[in-house]
Amino acid sequence: MTDSDRIAESSEPQQTTRPTDARAERLRPLLWLVLIISASTSLVLWSTSTGVLIGLGFGLLTALSGMSLIVHHYHHRRG
């Protein structure tokens, strides 16, 4: 008697990594560029005390791009 709910076992190993997407590969350098530029701009604006609100905006942009890089890394890592 066969079990209809049982999944057939395959001799081929299953691929656990996600396929590489060209858009995802272009996103990482862009996020790094945004992170570096926004962090530098935020640092300059905060050190000169000109445009504190603008510096805060660049600081938030820095935090968002850093978090996006972390999320991108964990979603597209291999292994």
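This chain uses plain numbering: 1 for the first residue, then up along the sequence.
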ILVMFWY cluster, L61 and W46 together (side-chain gap under 4.5 Å): no

In the hydrophobic cluster built from side-chain contacts under 4.5 Å, what are the other members alongside L60? none

By side chain to side chain contact (heavy atoms under 4.5 Å, CB included), I54 pairs with (sequence neighbours left out) L45, F58

Under 3.5 Å: donor-acceptor pair, side chain of T41, backbone of S38: no

Supply the atom-to-atom distance T62 OG1 to L43 CG, rounded to the nearest 0.5 angstrom. 9.5 Å

Nearest 0.5 Å please: distance from the CG atom of L30 over to the CG atom of L69. 9.5 Å

What distance separates I36 CD1 from S65 OG, expressed to the nearest 0.5 Å? 9.5 Å

All ring-ring contact (aromatic ring centres under 6.0 Å, His included) counterparts of H72, not counting sequence neighbours: H76

